[in-house]
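Sequence lines set the chain letters: A, B, ... in the order given, protein chains first and strands last, and positions in each chain run from 1. All values below were derived from every heavy atom in this structure, side-chain atoms included, with hydrogens, water molecules and symmetry-related copies excluded.
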2 protein chains.
Amino acid sequence: MNNNYELYKVFYWAATTGSLTQAAKALYLTQPSVSHAIKQLEESFGITLFYRNSKGVTLTREGEALYSYIGQSQNFITLAEEKMAALKNLDNGELRIGGSDSLFKHYLLPYLEDFHQKYPGIRLQLNHGTTPEIITFLKEGKIDFGVVRMPIVDPLLDVKESLQLQDCFVAGSNYADLKGTVLSLDRLLQHPVILFSRNSRARMTITELFQSYGLQLKPAIEVGSVDLLIEFARKGLGISYVAREFVTKELDEGSLFEIQLDVPLPPSQVGIMIMRNMPLSVSASKFMELARHTDMR
Amino acid sequence: MNNNYELYKVFYWAATTGSLTQAAKALYLTQPSVSHAIKQLEESFGITLFYRNSKGVTLTREGEALYSYIGQSQNFITLAEEKMAALKNLDNGELRIGGSDSLFKHYLLPYLEDFHQKYPGIRLQLNHGTTPEIITFLKEGKIDFGVVRMPIVDPLLDVKESLQLQDCFVAGSNYADLKGTVLSLDRLLQHPVILFSRNSRARMTITELFQSYGLQLKPAIEVGSVDLLIEFARKGLGISYVAREFVTKELDEGSLFEIQLDVPLPPSQVGIMIMRNMPLSVSASKFMELARHTDMR
DNA sequence: CAGGGGATATAGAACGCATCTATGAACAAT
DNA sequence: ATTGTTCATAGATGCGTTCTATATCCCCTG
């Protein structure tokens with residue numbers, strides 16, 4: 001029984017329409033092809049499946065038996081093809097992203113809004129965590145891609161540079177006397193500094209920078225979210241180290257101002273990381289595409 | 001989406017085995033063929049179905065979705081093919097025959113026993129009735145074939161001659177004085193005659209024969225079964241008109257004897273009738289075959 | 001009863017496509 | 001490094017599906 005399953009499709013339509021000619025039309029074939037296909041099937045089983053008469057065809061008892069199974073089979077195939085079409089058109093499915101809350105809020109949010117509006121059927125799942133956690137999520141297949149600060153070095157991952165961020169020190173109105181002045185790093189250290197928690201990439205980078213100048217950067221306050229960095233600086237609790245792109249609003253309205261330094265601060269790359277050699281899910285690649293073609297801000 | 005369903009079979013095996021190479025073996029194909037088939041499927045959907053790595057392949061999320069449907073579909077196809085094989089091997093199904101009780105008992109019984117022993121899975125359904133009823137059953141599709149006395153003239157039916165019967169007159173021991181003598185038809189009429197009921201083919205035939213000699217055959221007793229014909233004759237109630245083949249036992253043991261006539265009685269053909277141009281069910285054609293190849297008695 | 005119009009079956013040709021072999025490339029393991 | 005997996009790619013080949021053309025059968029109608 002080494003049948004071509006294609007024959008079942010022909011059989012199904014012949015049985016459903018009760019006519020080889022109709023089946024041929026439905027399948028965009030000619031009538032002799034259908035006739036031949038049915039004959040092949042009958043010969044392979046050694047069983048006659050149809051009564052032929054001048055009005056068309058009707059199933060024999062054995063044909064009925066076959067139809068009861070093949071009909072089910074066809075139903076599932078139809079469902080499968082509908083599902084695939086839905087997946088391709090993103091009528092359903094889900095998009096799972098890993099990243100830090102700050103990147104979600106200040107970087108991905110507009111894209112996410114955009115995406116959700118375009119494909120409301122897609123469930124969005126945002127997994128926040130530290131960079132190592134995100135990497136683990138990725139390797140476990142729990143997220144489609146991760147958005148983290150560069151650099152990332154992992155042979156299993158592909159990282160694509162995305163947004164470039166420029167971290168800077170900002171302060172609130174109570175430090176207004178520093179406005180317009182250019183500080184050196186050691187002068188800066190005379191003020192209380194508010195940093196992100198220890199295991200963040202930005203925190204590590206800036207600490208290393210100070211160390212390269214022989215200085216030790218010890219935060220007066222350590223917080224776990226970008227929002228708190230901003231809030232504390234506005235309340236005058238200290239000088240926050242934060243991506244400039246995340247505080248554009250505050251800088252514009254004047255509730256925060258950037259402190260000029262006599263040394264350049266290194267820019268920081270945001271990278272999008274995916275599993276190397278793993279194809280993206282449809283929803284993920286659609287999201288990427290959308291993000292690439294959208295002019296942010 | 002004009003897919004060749006054959007691709008689903010390949011997909012199913014690739015997903016099930018988690019290896020294109022294994023799938024190729026299962027399908028008696030080469031690995032490149034499988035690779036190509038999967039690629040075709042992926043391109044037709046515009047969706048990546050598998051993660052490829054050096055150990056084999058695993059389904060993507062979209063592939064899982066497809067598999068959940070296609071798996072069901074394949075299950076039904078497998079069941080269908082098993083069912084067809086079972087039907088062909090007559091592991092199940094039914095055989096429905098129409099005929100008279102006498103033919104069932106005296107003609108078909110040995111074949112039926114034989115058939116049942118050979119294919120115990122087949123349900124036997126015997127529908128008895130008069131010849132016109134049998135024809136109706138046949139046209140309504142309620143029986144696979146009918147066994148009746150010839151001739152049958154119906155453009156929708158095909159009739160194949162089967163057993164030839166020789167009707168004759170038999171009497172019991174109280175008519176022993178007739179043994180060895182040769183009677184003429186009118187002499188016969190001086191004795192009570194037992195005939196089958198009016199609507200039987202045998203009754204019609206013999207009545208016509210008498211008419212052709214200008215004689216009128218009126219039964220003293222009219223019965224509805226061959227068994228009663230035999231029984232009444234044995235009990236001495238009259239002379240029964242019955243197929244010689246149905247009373248071989250009684251003739252042999254001497255409880256009945258055949259009355260010799262001076263004119264030949266016409267033989268009577270038993271015919272097997274089927275719907276013209278309708279293929280026989282598998283069980284029916286197997287039965288026919290068996291009956292043809294079996295030497296009765 | 002002839003003829004038209006519907007159905008399926010058959011024959012033979014042709015082309016497309018599935019499949020093959022051969023090879024490449026990536027990766028894991030020893 | 002080497003060997004043995006895996007899957008991917010390229011190109012050739014030949015089988016088998018599909019086609020056109022035609023036959024056949026049956027029903028219906030004028």
Side-chain angles (χ1 to χ4, degrees), chain A residues 1-44 48-60 63 139 154-158 274-279, chain B residues 1-44 48-60 63 139 154-158 274-279:
Chain A
M1 178 113 25
N2 202 9
N3 268 329
N4 189 320
Y5 285 12
E6 199 67 4
L7 299 181
Y8 292 132
K9 184 160 63 180
V10 179
F11 168 77
Y12 175 78
W13 281 99
T16 304
T17 62
S19 154
L20 302 195
T21 307
Q22 288 306 111
K25 280 181 189 160
L27 295 165
Y28 304 103
L29 293 176
T30 58
Q31 171 268 321
S33 295
V34 173
S35 181
H36 185 228
I38 298 298
K39 185 174 215 176
Q40 262 188 291
L41 207 51
E42 289 182 327
E43 281 174 1
S44 83
T48 306
L49 298 170
F50 288 102
Y51 300 120
R52 279 85 159 163
N53 59 48
S54 62
K55 299 189 172 68
V57 294
T58 51
L59 289 166
T60 63
K139 290 182 178 172
D154 191 307
L156 288 177
L157 302 180
D158 265 342
I274 57 176
M275 286 294 282
R276 181 187 295 274
N277 292 336
M278 289 262 173
Chain B
M1 178 115 23
N2 202 10
N3 269 330
N4 188 318
Y5 285 12
E6 199 67 3
L7 298 181
Y8 292 131
K9 184 162 60 181
V10 179
F11 168 78
Y12 174 78
W13 281 98
T16 303
T17 62
S19 154
L20 302 195
T21 308
Q22 288 306 110
K25 279 180 191 161
L27 295 165
Y28 303 102
L29 294 176
T30 58
Q31 172 269 320
S33 295
V34 174
S35 182
H36 184 230
I38 298 297
K39 184 174 217 176
Q40 261 188 291
L41 207 51
E42 289 181 327
E43 281 174 1
S44 85
T48 306
L49 298 171
F50 287 102
Y51 300 120
R52 277 87 160 163
N53 60 47
S54 62
K55 301 191 172 63
V57 294
T58 51
L59 289 166
T60 63
K139 290 182 178 172
D154 191 308
L156 288 178
L157 302 181
D158 264 344
I274 57 176
M275 285 294 282
R276 181 187 295 274
N277 293 334
M278 291 260 171

Please enumerate all residues that pass side chain to side chain contact (heavy atoms under 4.5 Å, CB included) together with Glu42(A), with sequence neighbours excluded.
Ile38(A), Thr48(A), Leu49(A), Phe50(A), Arg52(A)
Beyond-backbone contact of Lys9(B) with Trp13(B), side-chain heavy atoms, under 4.5 angstrom
yes
Is the shortest heavy-atom distance from the side chain of Thr60(B) to the side chain of Tyr51(B) under 4.5 Å?
yes
In whole angstroms, how far is the [atom2] atom of [N] from the [atom1] atom of [X]?
X        : N       : atom1 : atom2 : result
Lys55(B) : dG4(D)  : NZ    : C1'   : 14 Å
Phe50(B) : dT6(D)  : CZ    : C1'   : 14 Å
Leu41(B) : dA18(C) : CG    : P     : 12 Å
Asn53(A) : dT24(D) : CG    : C1'   : 14 Å

On the nucleotide [N], are OP1 or OP2 found under 4.0 Å from the side-chain N or O atoms that [X] carries?
X        : N       : answer
Ser35(A) : dA9(C)  : yes
Lys39(A) : dT10(C) : yes
Arg52(A) : dA9(C)  : yes

Indicate the atoms forming the closest heavy-atom contact of [X] with [Y], along with that distance.
X        : Y        : value
Val57(B) : Ser19(B) : CG2-N, 3.8 Å
Ala14(B) : Leu20(B) : CB-CD2, 3.8 Å
Leu41(A) : Ser44(A) : O-OG, 2.9 Å

Suppose we call two aromatic rings close when their centres sit under 6.0 Å apart. Are Tyr8(B) and Phe11(B) close by that rule?
no
Near DNA chain C, under 4.0 Å by heavy atom, which residues of residues 16-26 of chain A?
Ser19(A), Leu20(A), Thr21(A)
Under 3.5 Å, side chain of Gln31(A) to main-chain N/O of Thr21(A), donor-acceptor pair present?
no
Distances for protein N or O near nucleotides 14-19 of chain D N or O, under 3.5 Å:
| residue | atom | partner | partner atom | Å |
| --- | --- | --- | --- | --- |
| dT17(D) | OP2 | Gln40(A) | NE2 | 3.4 |
| dC19(D) | OP2 | Thr30(A) | N | 2.8 |
| dC19(D) | OP2 | Thr30(A) | OG1 | 2.7 |
| dC19(D) | OP2 | Ser33(A) | OG | 2.9 |

